[in-house]
Number of protein chains: 4
Amino acid sequence: MPKIIDVQQYRQELLSKCFDLFAEKGYANVTTRQIAKELGVSTGTLYHYFPNKQVLFEQLVEQICRQDMEVIKQVDKNQTRSQRIEALGQILIENQEYIIKQAVIWIDFCQYCSAYKVSDNLLLQIDSRYEQAISELLDLNNPQVAKFIWILVDGISINQIDNSDSFAVQIELLTQMLIAYFEKHISA
Amino acid sequence: MPKIIDVQQYRQELLSKCFDLFAEKGYANVTTRQIAKELGVSTGTLYHYFPNKQVLFEQLVEQICRQDMEVIKQVDKNQTRSQRIEALGQILIENQEYIIKQAVIWIDFCQYCSAYKVSDNLLLQIDSRYEQAISELLDLNNPQVAKFIWILVDGISINQIDNSDSFAVQIELLTQMLIAYFEKHISA
Amino acid sequence: MPKIIDVQQYRQELLSKCFDLFAEKGYANVTTRQIAKELGVSTGTLYHYFPNKQVLFEQLVEQICRQDMEVIKQVDKNQTRSQRIEALGQILIENQEYIIKQAVIWIDFCQYCSAYKVSDNLLLQIDSRYEQAISELLDLNNPQVAKFIWILVDGISINQIDNSDSFAVQIELLTQMLIAYFEKHISA
Amino acid sequence: MPKIIDVQQYRQELLSKCFDLFAEKGYANVTTRQIAKELGVSTGTLYHYFPNKQVLFEQLVEQICRQDMEVIKQVDKNQTRSQRIEALGQILIENQEYIIKQAVIWIDFCQYCSAYKVSDNLLLQIDSRYEQAISELLDLNNPQVAKFIWILVDGISINQIDNSDSFAVQIELLTQMLIAYFEKHISA
DNA sequence: AATGAATGAGGTTTCATTCAT
DNA sequence: TATGAATGAAACCTCATTCAT
């Protein structure tokens, strides 16, 4: 029993160590040897913990999703919607580096699903988790709006690859835009 | 007398025929053999028109940018800003399929630049062309806002890979949000 | 009739123009496109005058052999053997650049014959032409000695690829060595 | 525990097994698949031990040079110069097959350096090692003479490709010629 | 559990040669 | 005659995966 927990925990550690590498190069451009080297293990060991590269990637995406849920939970819900939007924006800016990488990996995962003709189950499932988390956070009853917001965060993140100094500016713009939109269309 | 062919024009035709394939699979997942097959030529012919896969991809990105400039130009400038925003949204929705693919390829190109350590010259140059085109269209003096808008369109587009029925809804949301933002913050 | 002569002559011109290219790169490293470019014609034209790359190369080797026979003939035969050896050495030094290239191509041709499993007929035939020419020039009755001399010239030539200033020195050494040998072993 | 293998030693074994193939066909005419087949391994394994075909070839040349130094060392130095020359000739004749192949590869390497525009460092370095070894063996103070001798051996070797029965005759001729030369020009 | 040597299918690219014009 | 676009076999090389140790 305790052994199993250790294995599971070690797997999580390995996944965490992969994060930067996948964010930087993308699934298709990372070799298993590079992964093994980054993790400080042999390729044999890598294949001992993960059946193949695809599963490794999918588990990484799941791990990221779980972490993102935690990030979103940090927002204090005892505030007006505008305040919560600003708080979310603030958290994104504070975790800028992580958020950008997470978005890059997510987009990479979307392409991976279409390119490798992998079943979208995981993709759809994670997608709806984000949708729900944002919906709850901002008391939205239109799921499209919730998804929309997270999509915009991705959009902004991805385009930071080269000049990452504008991330904060753009998240701020997004924040203001959302506030203006909600003020005009939906009563808080 | 040799076969007379407008090489430059034929190159453009070939690039156009690649568009769907790259949008669907992504640069790293498309093989040159697949490209040749899609184009209905041999790999030898492919390499007769493009020195290598990278240049082929870069020229495709350039072609897309030129086409996008044409799409943006379609908006009638004799309207209020809100009207122009709506017109732009309308055009995006009308060209939904193309816009999504274009965005997917663009994001792929961003990753390609970072993964292959290709010089960013082309990336930055194209980036600023979009910025300028949007700035002119909406009379913006803050370039960050212009870039921001196009980034959001990319963000929305990318996430359509699997359920593309929400594109129109999300572009509509973006339109309304931009209008609300400009009404509140910037006089038309 | 005159047409045929022209074609033949044009072929010789083309071959002459290939000489430097083959000497510099070697048969296997020269592409037909490079040859065509060097000749200022299209690949189609190249294949109009020569059935393929192999025949082109073989004809070049033949042409070189004919030219070498002319070089050797320049030696005035009304001299002692030692004088004739020195005269030959002098001619080699005067034509240093040509001699080196000719030797490089010849060695390349030897390798070509073994690598491509081409029949050695041409090789043997040319070999014996050199043997005879040297035998006649130096009044040798041992054909091995004649061949030996030409082989040494090749050996010296090939090793000039990088520091070609020692060619004259080494031909001079060869000359002295031959003279010493003949003085000791064979009466002039 | 992993399979224990002395990588460096295995590399040397692999190189030794390549020797004949390269001698017979030449660098440009040997394919990596042929090499792998000759070595009895897969192409993947080949690339596990050598980063690419060029480096493989260069390491082969280095290995050959080291072996040649051993061959030259076999000559007993407690003899007159004439005797040492004869002893060297004898060793060359005894190792005829190896010497010819070694020479063919060396010449191939010279062409390889010029054709592939590889830096000549290795070539010059090896060149000087031969020069020194011969100089020491025959107590020569003129390095040109030392280089000259080895060049002649190469020249003779290369021309044996097709009728290798004359090698001994020609090495014998070279030996006599050198003795005659030294008797006349340089006191033993 | 851990290693890394070994595999070989499949990737990108080259190039001798052909052929419609 | 002359052209050069087109071909596709085959070159070099990579990399996910396996397996003996």
Side-chain angles (χ1 to χ4, degrees), chain A residues 3 6-7 10 27-37 39-57, chain B residues 1-7 10 28-37 39-56, chain C residues 3 6-7 10 27-37 39-56, chain D residues 1-7 10-11 28-37 39-56:
Chain A
K3 257 302 181 208
D6 281 348
V7 167
Y10 190 46
Y27 178 79
N29 299 308
V30 170
T31 71
T32 50
R33 265 202 270 270
Q34 280 175 313
I35 298 170
K37 197 176 178 188
L39 301 186
V41 300
S42 65
T43 56
T45 299
L46 196 64
Y47 275 81
H48 183 72
Y49 287 100
F50 304 97
N52 55 47
K53 193 185 168 190
Q54 295 200 13
V55 167
L56 166 65
F57 186 49
Chain B
M1 250 182 297
K3 212 196 292 196
I4 290 172
I5 279 184
D6 183 332
V7 169
Y10 191 46
N29 299 305
V30 170
T31 72
T32 51
R33 271 199 264 265
Q34 280 175 315
I35 298 170
K37 198 175 178 189
L39 301 184
V41 300
S42 64
T43 57
T45 299
L46 195 63
Y47 279 82
H48 183 72
Y49 287 99
F50 304 97
N52 54 48
K53 195 186 167 189
Q54 294 200 14
V55 167
L56 166 62
Chain C
K3 255 306 179 206
D6 280 349
V7 166
Y10 189 47
Y27 177 79
N29 299 306
V30 169
T31 70
T32 51
R33 265 202 270 271
Q34 280 176 313
I35 298 171
K37 197 176 177 187
L39 301 185
V41 301
S42 64
T43 56
T45 299
L46 196 63
Y47 275 81
H48 182 73
Y49 287 100
F50 303 95
N52 55 47
K53 194 185 167 190
Q54 295 200 13
V55 168
L56 166 65
Chain D
M1 250 181 296
K3 211 195 292 193
I4 290 171
I5 279 183
D6 183 334
V7 170
Y10 191 47
R11 237 195 289 270
N29 298 306
V30 170
T31 72
T32 52
R33 268 201 267 268
Q34 280 176 315
I35 298 170
K37 198 175 177 187
L39 301 185
V41 299
S42 65
T43 58
T45 298
L46 195 63
Y47 280 85
H48 183 72
Y49 288 98
F50 304 97
N52 54 49
K53 194 185 167 189
Q54 295 199 14
V55 167
L56 165 64

(request) Nearest whole angstrom, please: distance from the P of F:dT14 to the CZ of D:Arg33. (result) 14 Å
(message) Between P on F:dC13 and CD on D:Gln34, what's the gap in Å once rounded to a whole number?
(response) 14 Å
(message) I want to check one thing: is the phosphate of E:dC15, taken as OP1 and OP2, less than 4.0 Å away from some side-chain N or O of C:Thr31?
(response) no
(message) Could you walk me through whether C:Tyr49 and C:Thr45 satisfy the side chain to side chain contact (heavy atoms under 4.5 Å, CB included) test, starting with their C-alpha distance in whole Å, then the side-chain angles of each, then the deciding distance to 0.1 Å, before giving a yes or no?
(response) CA-CA 7 Å; C:Tyr49 287 100; C:Thr45 299; 3.8 Å; yes
(request) In whole angstrom, give the distance that lies between atom CG of D:Asn52 and atom P of F:dC13. (result) 5 Å
(message) Between C:Gly44 and B:Pro51, which residue's closest nucleotide on DNA chain E lies nearer the 5′ terminus?
(response) B:Pro51
(request) Starting from the 5' end of DNA chain F, give me the residue, C:Gly40 or D:Ala28, whose nearest nucleotide shows up first. (result) C:Gly40
(message) Does a side-chain N or O of B:Tyr47 approach OP1 or OP2 of E:dT14 to a distance below 4.0 Å, or not?
(response) no
(message) Both A:Ser42 and C:Val30 contact DNA chain E. Which one's nearest nucleotide lies toward the 5' end?
(response) A:Ser42
(request) Determine which bases of DNA chain E form Watson-Crick or G-U wobble pairs with both distances under 3.5 Å, and write the result as a 5' to 3' dot-bracket string with | for other-strand partners. (result) .||||||||||||||||||||
(message) For a quick test of reading the model, state the closest non-hydrogen atom pair linking A:Lys53 to A:Tyr47 and the distance between them.
(response) N-OH, 4.2 Å
(request) Write down the distance between CD1 (D:Ile35) and P (F:dA11), rounded to a whole number of angstrom. (result) 11 Å
(request) Could you please name the option among F:dA2, F:dC12, F:dA6 that lies closest to any side-chain atom of D:Thr32? (result) F:dC12
(message) Could you measure the distance from the NZ atom of C:Lys37 to the OG1 atom of C:Thr43? Nearest 0.5 Å is fine.
(response) 13.5 Å
(request) First locate atom CD1 of D:Ile35, then atom CZ of D:Arg33, and finally report the distance between them rounded to the nearest 0.5 Å. (result) 12.0 Å
(request) To the nearest Å, give me how far apart NZ (B:Lys37) and C1' (E:dG10) are. (result) 15 Å
(request) Taking only the side-chain heavy atoms of B:Tyr10 (C-beta and beyond), determine which of F:dA6, E:dG8, E:dA5 contains the nearest atom. (result) F:dA6
(request) Choose from E:dA5, E:dA16, E:dA2 the nucleotide whose nearest atom is closest to any side-chain atom of D:His48. (result) E:dA5
(message) When you measure from the side-chain N and O atoms of B:Thr45 to the phosphate of F:dT7, is any distance below 4.0 Å, counting only OP1 and OP2?
(response) yes
(message) Starting the side chain at C-beta, find the nucleotide from F:dG8, E:dA5, E:dG8 nearest to D:Thr43.
(response) E:dG8
(request) Using atom CG of A:Leu56 as one end and atom C1' of F:dT17 as the other, report the distance to the nearest whole Å. (result) 14 Å
(request) Rounded to the nearest 0.5 Å, what's the gap from CZ on A:Phe50 to OG1 on A:Thr32? Could you check? (result) 13.0 Å
(message) Taking the nucleotide of DNA chain F with the nearest heavy atom to each, does A:Lys53 or C:Leu46 sit closer to the 5' end?
(response) C:Leu46
(request) Let me know the distance between CG of C:Asn29 and P of F:dA11, rounded to the nearest Å. (result) 15 Å
(request) Over all heavy atoms of both residues, which pair between D:Leu46 and D:Ala36 is shortest? Give the atoms and the distance, please. (result) CD2-N, 4.3 Å
(request) In whole angstrom, give the distance that lies between atom OH of C:Tyr49 and atom C1' of F:dT3. (result) 13 Å
(request) Provide the closest heavy-atom pair for A:Gln34 versus A:Asn29 in the form atom of the first, atom of the second, distance. (result) OE1-O, 3.5 Å
